[in-house]
Structures are given as C-alpha cells and as structure tokens.
Amino acid sequence: MSPRLKKAAFAGLTAFFLLALCECGLRHQLGPTPPPVKVYAGLKKLDDHFDVRGTQVHALYDQGIPITAFPAEWPSKRIAFVGGSSVHGGSGDLVESQEFPAHAQRLSRVRAVNLGQPGLDSHDLVDIVSELVEWPFDGVVLYTGHNDFGNSYFMERYSGIGGGVLAHLTGFLEHFQIYVQLRRGIQGWKGRDGVEFGGEHITPHPLLTPQQENTTRKYLDINIRRIHWICERENIPLLIVLPAHDPSRVAALQGVPLFAPMEAVEGIRRLAEELQVPTVDAQEFLKDRNHFEDVVHLSAVGHRALGKAIAPQLREILK
C-alpha cells in the first residue's frame, strides 16, 4: 500500500472512530433516537407544558378542555394517565369523574391524575412525559395511536416522503443520533398553523399514502420507545393501553384515518412485548357498539368497562 493510501485509510478510520464515539455519547445522553421531524398537535410549540403555582402543578397545553391541577407532592401512590381525547375531553357531555381514569381510581384505590387532552399524539406525549417525571409518580398509563394517524391526515404530515432508494437510505440514517439531531437542528417545528381544533374538518385533505402510513407507524413506535426510556430512567412503571375503535363505524369515514389501524395496534403490542411493558388490550373489553360514541371516543359504558379492565393492572405494576 502506498503512503498516500495509508494516510487516507488512517484518516478514514480516525473519522469513523470519532463519529462512533460521538454517536455513543449522544445515545447515552439522549436515549433512543427521536423522529427526525419536529411536529406537535397544538396551535403553538410550548417551551413548558407545566407550571407550578404554590403547591399545585397546572398543565399549560389544554386546548379548551380543562385539565385539573395536581399537587406537586402526594403522600401516597398516584398514577398519571396521558393521551388524547380518548383519555379526557372527547366523550360529549361526560365529565372527568366519568372517564376511565376515574373509574380505574375508584376500583384500584390508586390516585389517578388525568392529563389527557384532545389532539395530542405521541410526538406531544414524549415532551409531556419528559416534564411530568419531575414530580413524584408511581406509574404512567399511556393511551396513544389514534391521533398520530388523524394528525398525519389533517396536517398532511410526511407528504413529501416517497419510495425508492432515497427512502431506504433516509430510513437507515434515522437510526443514528448524529443524523437526526443535525436534521432536527436545521428544520423548524410544524404544528396546526393556526387552525383551531375542529376547523381542520372544514377543508378536505388527500388520503394518506402508503408511505405516509408507514412513516406514521414508524414514528409512533419511536416515540413510544422514548416514553419507555424516560420512565425507565426515572424508575417509573409504564402501562400501555392498546387503542380501540368501533369497526362498525369505520365505513362511514370513507378512508379518513381517524383511528389507529390494526397494523399499528399490533406494532404497539409487539413493541410492548419487546420492552417487557404490560398492556391492556382495550379492544378486548370494548367489543360492543354501545361502548363507543363514535369511531374512537368511549361512551359512559365504555369508560366504565375500560376503567374496570385497567384497575387490576394498576395494582399489579405498583407491586
């Protein structure tokens, strides 16, 4: 080998070693790789999702549905419930005491803090959970999936993603923190662009392409991994509720993806098994049409049924 080639090979090995060292450091500090895009469901990106006022912690991300403040300190066990409108605010005239976290609290005798809000998807929940663990909680219940697909449709997320060699190369690079952090540093945040909740229904949108659906599933998986990593780092048990919908109402949507398809639900199930996170299969307990008000939002009967299914799991994870 010529001296010039030796120098080139040594430079290449040195660069590879430095990049590998940097990648390892980022993974240790930042955990699993986040999605390379920065999106959120609200009208604006919040710097902080909670604010302490005296002894109470107030959520700042409500979109018109009040979120009850919780004490900064709590003398006994308590569990945080996070998710979208299926968790809080999406079931017509039902109040918080009629939603499934409250039913789970009564049956398990474990304090439930309902922090759900319409429109939130897994991208928002990563940020919310990362701040939430600043206060003492004995567990987190995660119910997410529906809004990832609904928001991908209404906000036309990932519309520029295509197929071919470039998509495969991008997918490979997304496994590396160096690439993802550089890309996230260059691109800005994308939200609802001033559209109020409910206003997105006025204008029709193109149905999701297979590439958009695949990307939505992939980023949902990534976000759940990050939520699990945050909880594991803080030694807080995580319980995942697999999202449920009413199949009898799906045809009326005419292809509009307002719910997590079964491929996504099965993906969450497989991920939970991989991470050894307990799950509650909501679809198993919500089989009747009267359990739902629409495709995804639960009726009073549905909330009671799901709360009853979750309560034993709360007692189990607290052991």
Side-chain angles (χ1 to χ4, degrees), residues 20 23-37 79-84 86-87 120-130 132-133 137-149 152 158 167-168 170-181 210-245 259-285 306 309-310 312-319:
E23 177 68 21
C24 290
L26 287 172
R27 287 183 180 233
H28 177 74
Q29 182 69 25
L30 303 177
T33 309
V37 296
I79 303 285
F81 287 74
V82 295
S86 296
V87 177
L120 298 182
D121 58 40
S122 67
H123 296 272
D124 305 285
L125 298 180
V126 170
D127 291 338
I128 289 171
V129 172
S130 67
L132 180 65
V133 296
F137 279 92
D138 300 281
V140 171
V141 176
L142 174 68
Y143 188 123
T144 191
H146 294 321
N147 284 339
D148 284 70
F149 290 87
S152 290
Y158 327 129
H168 287 290
T170 302
F172 171 74
L173 292 174
E174 288 176 2
H175 289 90
F176 298 96
Q177 281 279 11
I178 293 175
Y179 169 80
V180 169
Q181 295 302 329
Q211 290 80 13
Q212 286 175 291
E213 290 183 358
N214 290 337
T215 301
T216 301
R217 284 199 298 269
K218 179 171 66 174
Y219 292 170
L220 172 61
D221 180 292
I222 289 173
N223 287 329
I224 293 176
R225 285 182 184 274
R226 289 191 58 77
I227 291 172
H228 169 259
W229 176 76
I230 293 167
C231 292
E232 190 175 50
R233 182 188 63 191
E234 302 297 330
N235 197 29
I236 298 175
L238 176 65
L239 174 65
I240 295 177
V241 181
L242 303 180
H245 69 280
F259 63 96
M262 289 310 300
E263 296 91 338
V265 176
E266 289 304 314
I268 298 173
R269 189 196 307 276
R270 290 191 297 271
L271 176 60
E273 291 175 354
E274 175 192 333
L275 300 175
Q276 298 182 328
V277 174
T279 61
V280 173
D281 188 346
Q283 199 74 60
E284 179 181 345
F285 300 94
L306 186 53
I310 290 175
Q313 292 287 349
L314 295 186
R315 293 192 294 266
E316 189 66 27
I317 67 173
L318 290 178
K319 288 182 181 178

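Given the structure is predicted, the values throughout are model-derived calculations rather than measurements.
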Atom pair [atom1] ([X]) and [atom2] ([Y]), whose distance is rounded to the nearest 0.5 Å:
X	Y	atom1	atom2	answer
Thr216	Tyr158	OG1	OH	5.0 Å
Ile227	Ile128	CD1	CD1	9.0 Å
Leu275	Ile268	CG	CD1	12.0 Å
Lys218	Glu213	NZ	CD	14.0 Å
Met262	Leu242	CE	CG	8.5 Å
Leu120	Ser86	CG	OG	11.0 Å

Plane angle bin for Phe259 and His146 - parallel if under 30°, tilted between 30 and 60°, otherwise perpendicular: perpendicular
Looking only at heavy atoms, which two atoms of [X] and [Y] are closest? And how far apart?
X	Y	result
Leu132	Ala80	CD2-CB, 3.5 Å
Gln283	His245	NE2-O, 2.8 Å
Ile222	Thr33	CG2-O, 2.9 Å
Val241	Ala282	CG1-CB, 3.9 Å

Do NZ/NE/NH1/NH2 and the carboxylate oxygens of [X] and [Y] come within less than 4.0 Å?
X	Y	value
Glu274	Arg225	yes
Asp148	Arg217	no
Glu266	Arg269	yes

Please determine if Arg233 forms a cation-pi arrangement with Trp229, meaning its NZ or CZ atom is less than 6.0 Å from the six-membered ring centre and no more than 45° off the ring axis. yes
Answer yes or no: is there a side-chain heavy-atom contact under 4.5 Å between [X] and [Y]?
X	Y	result
Ile230	Val133	yes
Leu238	Ile240	yes
Pro243	Tyr143	yes
Ile79	Phe137	no
Glu316	Pro278	no
Phe81	Leu142	no
Arg226	His123	no
Val82	Val141	no

Counting N and O atoms only, with roles assigned by atom type, does the side chain of Asp127 sit under 3.5 Å from a partner on the main chain of Asp124, one being a donor and the other an acceptor? no
Within the side chain of Asn223, is there an N or O that forms a donor-acceptor pair under 3.5 Å with the backbone of Tyr219? yes
Flag for Thr144-Ser122: side-chain donor and acceptor within less than 3.5 Å: no
Verdict with supporting geometry, Val140 and Leu239, side-chain contact (heavy atoms from CB on, under 4.5 Å): CA-CA 6 Å; Val140 171; Leu239 174 65; over 6 Å; no
